[in-house]
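Order of the sequence lines sets the chain letters (A, B, ...), proteins ahead of strands, with each chain counted from 1. Just so you know, these numbers come straight off a predicted model, no measurement behind them.
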2 protein chains.
Amino acid sequence: MGVLDSASGAYSGSLGSPIAILVDDDTEVRDSLEELLTSVGIESISFSSTQEVLDAELPDRPACLVLDVRMPGLSGLDLQHLLLTKGIQTPIVFLTGHGDIAMSVQAMKAGAVDFLTKPVRDQTFLDAISAAVAADIARRAAATVSRKTMALYQTLTPREREVLGFVVSGAMNKQIAFDLGISEITVKLHRSNMMKKMNARSLTHLLSTWQSMPADMR
Amino acid sequence: MGVLDSASGAYSGSLGSPIAILVDDDTEVRDSLEELLTSVGIESISFSSTQEVLDAELPDRPACLVLDVRMPGLSGLDLQHLLLTKGIQTPIVFLTGHGDIAMSVQAMKAGAVDFLTKPVRDQTFLDAISAAVAADIARRAAATVSRKTMALYQTLTPREREVLGFVVSGAMNKQIAFDLGISEITVKLHRSNMMKKMNARSLTHLLSTWQSMPADMR
DNA sequence: GCCCAACCTATACTTCGGTATAGGTCTGCA
DNA sequence: TGCAGACCTATACCGAAGTATAGGTTGGGC
């Protein structure tokens, strides 16, 4: 249901239909899951090891990862942490026959969408995929907004960024001028240029835009 | 009942020292955990069933719940959902000898801080309690800010709330006046009164205050 | 040397937001 | 009946913000 009940048209606003990325060393499992996903119109690609995922270029479209835990080489949990380190936030659904509670809790704490055990009911699996894809669509939408804001921020001169900082913290032009040791009219100039570059129609609009930016980029 | 250890100054900023609320039908487990917590200076209180927790008045101070899953009557997971329904957001650590992966995943999805299995290492348990208490301190601090903002909001007249809505959405006085079908000077009056009642020194300050309010109260 | 971008300043003007003062109507309630 | 609170309006004024125009100084690159 939801994001999964249509093959292509329903995703027109999210730049591409969703894809499930299956990682399992068991060929039969992969084939079986691919078939299940295909039957409900979800595209999928398969890898037989975590290393292949790291070597591959992840597609720029809504996606989710389906990871086995126990695999030759790096485990699914290892991959989860590696991806986090690399800033890749594609939602992950674990699916394993050799799990325990500690593993599942660790995975969930690290942000996994679900942790399923084999054998899994078809509907349970599809529901998890559906939730993961929905999360990725929302995450990608937010990331797009954030990226656009950062691109605008990059066009600001150092002085304009300084003024922006004062403005969003609520300072008046007079106070900004005093703190920077320049005249108020100059602050107005920087402020005006900054507002134009940031495409902000009002202070309120500037603030909402500003908050979509990751704090460590400011 | 746990030993009352009130002097601990480390929690001075959070309105009360933390308390762990243990719910387990096994007396030995409860006594053992209470002793462990006491040894590191954390107060605790015990219940032998979920119903007792629901009947009791939860203390107004930083706390965390430690729940067994399998108990006579309502299970720990049932209690978790009941508390969520009642809007009680005290962090929960599960501790059980009869868990499985599905249970742990369900608990984590519902917001549990951790899901531990018996027998548990002392340090593992204490780390979980520490994380849960820290989460509750942060949650309570945010709730306090939110409550104060809502109290201020309650003092606004209907018209002032309307104007507030326009102001935070970035409208100019002229636009607000047009939309409400009143004169601009009247908008200024409502706006001025609203800013005073909300203790907002500037538009920026008003917006940050505003965002601490739950959206369903606006 | 020239250009350009970033930075700074100034005058003059407009618009916007906010305050003070002084009124008015309407509704509900003691 | 009178009072209080919410709501509305007006005049006049102030300060903050924004725009337009017209300059100036630096520092780096061709």
Would you kindly say whether [X] and [Y] are connected by a side-chain donor-acceptor distance under 3.5 Å?
| X | Y | answer |
| --- | --- | --- |
| A:Gln106 | A:Gln80 | no |
| B:Thr96 | B:Asp68 | yes |
| B:Glu52 | B:Ser48 | yes |

Ion pair check, B:Asp114 and A:Lys109, cut-off under 4.0 Å: yes

Do B:Leu37 and B:Leu22 have side-chain heavy atoms sitting under 4.5 Å apart? yes

Beyond-backbone contact of A:Asp25 with A:Arg70, side-chain heavy atoms, under 4.5 angstrom: no

First of A:Ile185 and A:Leu189 reached from the 5' end of DNA chain C, by closest nucleotide: A:Leu189

Think B:Lys174 has a side-chain N or O under 4.0 angstrom from the OP1 or OP2 of C:dC16? yes

Is any side-chain N or O of A:Asn173 closer than 4.0 Å to OP1 or OP2 of D:dA17? yes

Which nucleotide, C:dG17, C:dA6, C:dC8, lies nearest any side-chain atom of A:Thr186? C:dC8

In whole angstroms, how far is the [atom2] atom of [N] from the [atom1] atom of [X]?
| X | N | atom1 | atom2 | value |
| --- | --- | --- | --- | --- |
| B:Leu206 | C:dG18 | CG | P | 10 Å |
| A:Glu160 | C:dC7 | CD | C1' | 10 Å |
| A:Met172 | D:dC14 | CE | P | 18 Å |
| A:Gln175 | D:dA17 | CD | P | 11 Å |
| B:Ile176 | D:dC8 | CD1 | P | 13 Å |
| A:Arg159 | C:dC8 | CZ | C1' | 9 Å |

Mind checking if B:Ile182 touches a base, just sugar-phosphate, or nothing, with heavy atoms under 4.0 Å? sugar-phosphate

Just call it for B:Thr157: base, sugar-phosphate, or nothing, with non-hydrogen atoms closer than 4.0 Å on any strand. sugar-phosphate

So CD of B:Glu160 and CG of B:Leu189: to nearest 0.5 Å the spacing works out to 8.0 Å

For B:Lys188 and B:Leu180, take the nucleotide of DNA chain D holding the closest heavy atom to each; which residue's nucleotide lies nearer the 5' end? B:Leu180

Tell me which residues in residues 190-204 of chain B put a heavy atom below 4.0 Å from DNA chain C, sorted by number, or none. B:Arg191, B:Ser192

